[in-house]
Structure formats: structure tokens, C-alpha cells
Amino acid sequence: MLPSANLANVYAELMRRCGESYTITYGAPPTYLVSAVGSAEAGKKVVLVFKEDRSGAAARIRTTPTKAAPGKTDSADLDLTGSPLKDDCLVDAIADLSIDLQLEHSNSWKLEEEYHRGIPVDKARAIICSEFLQMCEGLGSVWFLCDGSDSGQTQLLQYEFNPSHFSRGILSYQGVLPSYMVNSQSLVRQHGKAPQDTVIENSYQVGPHMRLRCSWSSNAALPSLANLNDCEVALNHTFRVGECSPLTQDFMNQLRILLFIREDIVSYHKDVKRGIARDPIYRCGSGIDMEELRESINQTMTDVSGFVNCYGIGNVELDLEDVVQRAKVRRLTDLTDKLWELLKCCDSYKDLKMAFNMLFQCAARCNIVNTPTNKNRLAKLITELANRRLAMPCLSGAEPLELLLEIGLEKLYKDYEFIYTESKMCSTNLLKEDCIEAANDGGSPQNLPQLRKSLHNAVRGDPMPGAAGMRKTLLHHNGANVKSGNAGKYAGDDDDAGFKNSHFDEHESTERVSKLFQIHCTLEHLLMMHIHLNLSNVYNDVCSELLKKPPKLVEAIDDQLIDVMDIRLSAHHVRDHLDGKDPYSRHITMRSHNKFRELKTAFYFNSENICPPNLAQCFQCDEKEMVKERTYHAWLYRKIRSLK
């Protein structure tokens with residue numbers, strides 16, 4: 001075999017020699033291996049040798065460790081999960097989260113890893129020492145999952161292929177240790193000599209999906225295991241749509257509705273292109289009596305109360321949760337925002353189309369007091385009808401849905417704008433960054449806010465030069481005025497002069513919704529930071545970092561969709577919160593080396609077991625007893641590299 005041969009050749013050789021006796025895989029390393037030795041050491045791909053047991057025993061194992069509910073106490077050892085409507089949680093409780101978190105932790109391992117079983121240690125060593133494996137050449141590691149039946153409770157043996165060094169590693173389970181036994185003296189003693197380089201990472205579990213990681217390096221012979229002065233701090237939080245806070249559920253539901261509407265529009269246009277004639281579908285409304293809807297539309301368009309009591313709250317300092325609560329009940333001042341709340345209730349496409357007819361009739365016949373100020377297509381239609389410059393529009397196809405989508409996008413954006421500005425977390429300019437380049441279209445007034453201008457462009461007809469005339473504002477001709485980038489736009493695929501009530505762009509609408517989803521996820525992250533840590537002095541930086549990232553394109557929202565925040569913080573922001581607290585997990589790596597040999601020892605301590613319960617029963621222990629003292633499951637990884 002050539003020296004440049006990769007690990008796949010080693011995998012193929014192992015399959016030929018041992019494939020009948022053991023299960024051998026070539027791919028991503030198992031999660032428990034990555035946790036114990038670190039992602040850098042585990043690498044992206046490994047060969048794993050183990051036995052697989054799919055007899056069904058694993059399915060009967062309780063795989064999710066649950067915590068017994070402790071008795072009530074008046075001490076500071078309280079649950080930090082908090083309530084979205086309360087902000088009286090005590091940050092001091094970080095000290096004993098492994099004891100008092102009354103929640104079910106999701107498995108730290110993958111489902112298929114529950115079928116992994118170890119092989120006897122002596123048989124694994126026999127394969128490592130076999131001539132065929134010694135003669136193989138490649139790059140990367142082969143790991144043998146062991147059953148821990150030896151005195152050292154060996155869990156994994158590593159054979160690393162390296163062109164210049166002999167390299168072997170061993171991972172063993174050390175049992176359950178109380179936190180006071182984790183100290184520099186004992187770790188250096190296990191390492192075997194004074195380390196020349198030590199890397200330490202302490203993780204603090206702040207909530208069910210929030211973790212603070214503090215990491216630093218040291219050259220000291222006896223390194224300190226606690227450093228909150230100049231360490232690097234990373235805050236990781238995972239937001240799951242299925243666990244959306246009740247406080248923000250209304251906004252997420254509006255976002256779901258917008259995505260459903262967009263999906264139905266896209267589906268309709270695709271069917272039209274395939275020659276399938278049908279009416280679009282509207283499936284989001286809860287239902288409303290049409291006579292009641294007619295009265296509500298008339299009242300909305302002629303009501304003068306919309307001009308008073310704007311939603312600004314001046315210089316009053318409000319809590320973030322209070323601002324979100326106010327946003328849910330804020331007074332809507334623009335006509336199309338109010339119409340969104342009414343029109344989205346329609347029970348079907350037929351009712352929605354009839355509702356727009358009622359709306360246009362009211363605009364043409366009534367004296368509209370509440371003139372629309374938004375710059376969307378529906379607002380323009382209403383204005384032109386009220387000014388007697390437009391004949392009654394007759395909506396067809398997906399036009400009702402397209403008009404509804406646009407006003408819904410704008411209304412939801414205003415909800416978020418209210419929250420972010422009134423809580424003083426960021427300016428509206430930050431919310432509008434990274435919007436689609438259509439915002440710079442020359443066809444709409446340059447003084448419009450960027451996002452609203454682009455929303456306006458998303459459904460407007462292509463303007464004609466000098467479009468300040470009467471009916472000419474809504475009449476256009478395709479041809480010279482049609483932009484070359486219109487390939488992805490529906491409505492007006494023909495070259496005939498026509499009347500456009502709406503204009504829909506599939507890709508642009510995806511970007512609009514994706515931006516709103518990004519804004520919502522940022523809000524969820526900030527709320528959890530506020531509830532669990534109350535780091536109000538970092539909100540602006542967090543907003544800036546999260547909202548400046550390109551939005552992840554979202555075409556559907558389901559309960560499994562997640563958004564992960566991983567940002568850097570200054571150590572002084574969390575120092576007071578973490579000082580004196582025991583970490584939830586620790587990863588400590590010590591290195592010593594000379595010209596001929598390198599010794600690496602990694603210690604991993606976790607408050608929970610990172611392995612499936614039946615993976616290697618010889619070194620597994622029962623659930624930790626509920627005591628008022630931090631205890632860790634401990635693993636020791638030792639690797640020796642020597643020159644060939």
C-alpha cells in the first residue's frame with residue numbers, strides 16, 4: 001500500500017479480516033468519543049470496531065436520565081429554568097444545577113449508539129498487534145470499543161496511523177467522583193510529570209438548552225482549574241421551535257401563517273405552469289361570519305381612533321418581557337396592519353376573495369378616514385380607489401393570497417420593530433440589514449425605510465416613467481420596462497399589456513420570511529439570556545452579532561427546527577455569576593514532550609453519563625444518588641506518541 005493511502009484502505013482491510021466477527025464502521029466518531037477526547041482529537045472520520053446488539057434490549061432501557069424532584073427549600077439552590085413571565089430567578093443557583101434542575105435532559109448520545117457493545121480488551125489488543133494492521137498505512141485513527149472487563153475499565157483503544165510516530169491511545173472510565181477530588185495535584189499525578197502545556201474548558205449549564213463555556217491555557221507546572229479573569233467565554237443556546245415560549249408564541253404563529261400562505265401561492269403557480277386549473281387554497285383562517293367581517297372592515301376604514309395613542313412609550317424603562325407583552329396588545333395604527341388581523345381569519349379562499357371585494361367596495365364608496373400610510377400594494381389600491389383614480393379591482397388566481405402575504409410580512413416586522421426599539425436592544429437599521437437588494441430598486445421612493453421599501457417592491461407592478469398620473473400609476477406594459485431579473489417572478493409571464501393587482505417573487509418572499517425568522521430566533525435567545533442570566537449590558541452586542549449574519553433560508557417551520565447561538569462574551573460579564581460555582585462539566589488536557597516522545601492526558605468530567613447505559617455494563621454505575629454535592633462521571637484518556 002502507498003504511504004499516501006487513506007483510512008478507507010485500513011477499513012477495507014479490517015472488513016476482510018474481521019468483518020464476520022465484529023461490526024466495523026467508517027465515518028463520524030461516536031458522540032461519547034468526541035465528548036471525552038475532544039473534537040480535534042477524534043477527527044471528522046474514524047474507523048470504529050465494536051459489536052452490535054439489536055436484540056431489542058436497548059429499546060427497554062430508560063435512556064433519558066430523569067431527576068427526582070427535590071423537596072422545597074428556601075435556600076439559593078433553586079431551579080434556573082425560570083418562567084417567561086417572571087424574572088425573579090436567582091443566578092446564584094448555577095452552583096447546583098445538576099441537583100435541582102427539574103427537567104428531563106435529552107440524550108447526549110445518538111439512538112443508533114444504544115446498540116453499540118464492547119469487545120473483550122484482550123481481543124482488541126490482539127487485533128492492534130496483528131501483523132496485517134501493523135503493515136497497513138493510512139492517515140487517521142482506528143478505535144476499538146471495549147467492554148471494560150479489565151482492571152483499568154478500558155472503554156476505547158486507539159491505533160493512530162502516523163507517518164513519523166508510533167501513536168497509541170486508551171480511554172478508560174474512572175467512575176463517579178465528588179467534585180473536591182478534581183484538583184491540580186491529583187491530575188498532575190495521574191499525568192505522570194509536570195505538564196508543559198495545559199488547556200482547560202469548564203462548562204456551566206445555565207438552563208435546559210443554555211451553556212457557558214470558559215476556556216484558557218496555562219504553562220504552569222501546577223495549573224489553576226478556575227480562572228474567571230482572562231478566560232475566553234462562549235455562550236451557547238439552542239432554540240427549538242417546538243419549545244417556543246408562551247410569551248412569543250403569537251409571533252411564531254403569525255410567522256407560520258405567512259409561510260403557509262407563501263407555500264400555497266408557490267404551489268398554485270406551479271400547477272398553473274403545468275396546466276392544472278384550480279383555485280388556490282387558503283388554510284390558515286379560524287373562520288369569521290362574513291357580515292361581521294363586512295362591519296369590521298367598514299369600522300376599521302372609518303374609525304378615527306387609530307390616530308391617537310401611538311405605540312411609542314417614550315423614555316419609560318421597561319423590562320424585555322414587559323415589552324414583548326405590550327407588543328402583543330399594542331394599538332395598531334396603520335390600516336393594512338388592522339386589515340391583516342381581520343383578513344387572515346377568513347375560512348377559505350372563497351371567503352378571502354369575497355372579503356377583498358368588500359374591502360374595495362368600502363374604499364370606493366365610503367369616506368375613508370383612516371388613510372393607509374404603509375407602502376404596500378394593498379395600501380396603494382385602497383388609496384387609488386378612495387381618490388376615484390382606479391376602477392374596482394377584480395382579484396383572481398393567487399392575488400388575494402399575495403396581497404395578504406405582503407401586509408402580513410409588514411405587520412409582523414412592525415411587531416418585532418416595536419420590541420427591539422422599545423426595549424432599546426438595537427436600532428431599526430440593524431433589523432433592516434442584509435435585506436434583499438430589491439430594496440434599492442429605483443421604482444419606489446428613496447426615502448422609504450429599507451425593509452418596507454423592499455416589501456413594497458415585492459408585490460408592486462413594474463412602474464412606468466412619470467408614474468405620477470391618475471390611473472397610469474396602476475397600469476403598466478411589459479416589454480422594455482421589464483427587468484431582466486424577473487425570471488423567478490410570477491404574475492405577468494406574458495408580454496401583453498395588463499393590469500397587475502399584485503406581484504409575487506418566490507425567492508424574495510423566502511428571504512423576507514427567513515429574515516423575520518432570524519429576528520424571532522434572536523428574540524428567543526435574548527429572552528432566555530434575560531431570564532437565566534440577566535446580562536442586559538450585552539444585549540446590543542448580541543443583537544449586532546446575530547442579526548448581521550446572513551439569514552438561514554427557511555421554507556417551512558416545524559417543531560424540530562432549531563437555531564443555535566454561540567457567541568463570545570467578556571469574562572467580566574459572567575464573573576460574578578460563576579465565581580465559586582462548580583462547573584457542569586470539565587475538560588482538562590495536559591501535554592508533556594521532548595525530542596522523542598509526547599505524552600497527552602485528557603481528563604473529562606461530566607455531571608451526567610455521556611454513554612448509553614448498556615454500552616459497557618462492566619464500568620457503568622447506577623444513577624448518582626441525589627446529594628447536595630456535585631459529583632462527576634469521569635473519563636481518562638492517555639495518548640503516547642514516539643518517533644519511529
Side-chain angles (χ1 to χ4, degrees), residues 239-269 279-288 293 296-297 300 324 327-330 332 334-356 359 374 376-379 395 397-419 451-452 455 458-459 502 504-506 508-521 523-524 551 553-561 563:
F239 163 61
R240 289 176 168 83
V241 171
E243 299 172 7
C244 186
S245 162
L247 191 64
T248 56
Q249 190 68 56
D250 288 350
F251 307 117
M252 179 57 70
N253 288 339
Q254 287 188 78
L255 199 50
R256 289 179 190 266
I257 290 174
L258 292 170
L259 273 165
F260 283 137
I261 295 173
R262 182 197 167 277
E263 183 180 313
D264 290 338
I265 294 171
V266 172
S267 176
Y268 169 79
H269 283 298
D279 282 339
I281 299 171
Y282 179 69
R283 48 185 166 141
C284 303
S286 56
I288 185 171
L293 179 61
S296 298
I297 290 174
T300 299
V324 176
K328 294 165 64 175
V329 295
R330 70 179 179 89
L332 302 178
D334 191 274
L335 177 60
T336 58
D337 294 340
K338 296 179 180 180
L339 291 175
W340 159 254
E341 296 292 341
L342 293 173
L343 296 174
K344 71 176 183 180
C345 296
C346 290
D347 187 52
S348 63
Y349 170 77
K350 180 181 177 182
D351 287 352
L352 180 63
K353 188 175 178 180
M354 187 183 304
F356 273 106
L359 172 61
N374 282 355
N376 54 57
R377 186 61 166 170
L378 181 61
L395 302 183
E399 290 176 340
L401 297 181
E402 293 166 6
L403 290 174
L404 186 63
L405 174 64
E406 187 197 13
I407 64 173
L409 287 169
E410 192 163 3
K411 189 268 178 183
L412 184 56
Y413 171 80
K414 285 184 177 180
D415 288 337
Y416 292 128
E417 183 183 54
F418 172 85
I419 294 171
L451 181 63
R452 294 178 189 173
L455 288 172
V459 294
S502 66
F504 176 75
D505 184 312
E506 180 179 354
E508 186 180 3
S509 62
T510 302
E511 291 188 328
R512 299 270 178 266
V513 176
S514 299
K515 182 63 180 180
L516 290 176
F517 181 70
Q518 181 193 44
I519 292 173
H520 181 94
C521 290
L523 175 61
E524 295 282 356
L553 292 183
V554 177
E555 295 197 2
I557 293 180
D558 57 52
D559 288 346
Q560 304 306 314
L561 191 62
D563 186 77

- request: Apply side chain to side chain contact (heavy atoms under 4.5 Å, CB included) to the pair Leu405 and Leu409, showing each step before the final yes or no.
  value: CA-CA 6 Å; Leu405 174 64; Leu409 287 169; 4.1 Å; yes
- request: Using the side chain to side chain contact (heavy atoms under 4.5 Å, CB included) rule, take Tyr268 and Ile281 through it: C-alpha gap first, then chi angles, then the decisive distance, then the call.
  value: CA-CA 8 Å; Tyr268 169 79; Ile281 299 171; over 6 Å; no
Verdict with supporting geometry, Leu403 and Leu395, side chain to side chain contact (heavy atoms under 4.5 Å, CB included): CA-CA 10 Å; Leu403 290 174; Leu395 302 183; 4.0 Å; yes
Test log, rule side chain to side chain contact (heavy atoms under 4.5 Å, CB included), inputs Asp558 and Val241: CA-CA 7 Å; Asp558 57 52; Val241 171; over 6 Å; no
query: Are Asn376 and Glu410 close enough, and set up right, to give a side-chain hydrogen bond (donor to acceptor under 3.5 Å, both in side chains), and what steps lead you there?
result: CA-CA 8 Å; Asn376 54 57; Glu410 192 163 3; 3.0 Å; yes
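Rounding to the nearest 0.5 angstrom, the gap separating the CG atom in Leu339 from the CG atom in Asp334 is 8.5 Å. Atom-to-atom distance recorded for Glu524:CD and Ser245:OG is 6.0 Å, nearest 0.5 angstrom. Note that CG of Leu401 and NZ of Lys353 are 11.0 Å apart. Values are rounded to the nearest 0.5 Å. Here CG of Leu516 is found 6.5 Å from OH of Tyr416. Values are rounded to the nearest 0.5 Å. Of the inter-residue distances, the one linking Ile261 atom CD1 with Leu404 atom CG reads 4.0 Å to the nearest 0.5 angstrom. Here Leu255 contributes atom CG and Ile557 contributes atom CD1; the two are 4.0 Å apart, rounded to the nearest 0.5 Å.
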Would you tabulate the side-chain donor-acceptor contacts of residues 343-350 under 3.5 Å, counting partners in other chains and residues two or more places apart, or write 'none'?
{"unit_1": "Lys344", "atom_1": "NZ", "unit_2": "Glu341", "atom_2": "OE1", "d": "3.3"}
{"unit_1": "Ser348", "atom_1": "OG", "unit_2": "Asp351", "atom_2": "N", "d": "3.3"}
{"unit_1": "Tyr349", "atom_1": "OH", "unit_2": "Gly397", "atom_2": "O", "d": "2.7"}

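With Cys284 as reference, Ile257 is the one residue of Asn253, Ile257, Leu259, Leu258 to meet the side chain to side chain contact (heavy atoms under 4.5 Å, CB included) rule.
A heavy-atom distance below 4.5 Å is found between the side chains of Asn374 and Lys414. Residues Gln254 and Phe251 have side chains in contact (heavy-atom distance under 4.5 Å, counting atoms from C-beta outward). With a 4.5 Å cut-off on side-chain heavy atoms, His520 and Phe239 count as touching. Under the 4.5 Å side-chain criterion, counting only non-hydrogen atoms from C-beta, Leu412 is not in contact with Trp340. A 4.5 Å side-chain heavy-atom check between Leu378 and Glu406 finds every atom pair outside the cut-off. Looking at heavy atoms from C-beta onward, Phe504 lies in side-chain contact with Ser509 at the 4.5 angstrom threshold.
Nearest approach of Lys411 to Leu332, heavy atoms of both residues: CE-CD2, 4.0 Å. Counting all heavy atoms, side chain and backbone alike, Ala398 lies closest to His269 at CB-NE2, 3.9 Å. Closest approach of Ala556 to Val554, counting heavy atoms only: O-CG1, 3.2 Å. Here the closest non-hydrogen pair linking Phe356 and Pro400 is CE1-O, 3.5 Å.
Checked for salt-bridge contact, Asp415 and Arg330 meet the test: a charged N lies under 4.0 Å from a carboxylate O. Checked for salt-bridge contact, Glu511 and Lys515 miss the test: no charged N lies under 4.0 Å from a carboxylate O. A salt bridge is defined here as a Lys NZ or Arg NE, NH1 or NH2 lying under 4.0 Å from an Asp or Glu carboxylate O, and Arg377 with Glu399 fails to meet this definition.
Residues satisfying the side-chain contact (heavy atoms from CB on, under 4.5 Å) criterion with Asp250, sequence neighbours excluded, are Lys328.
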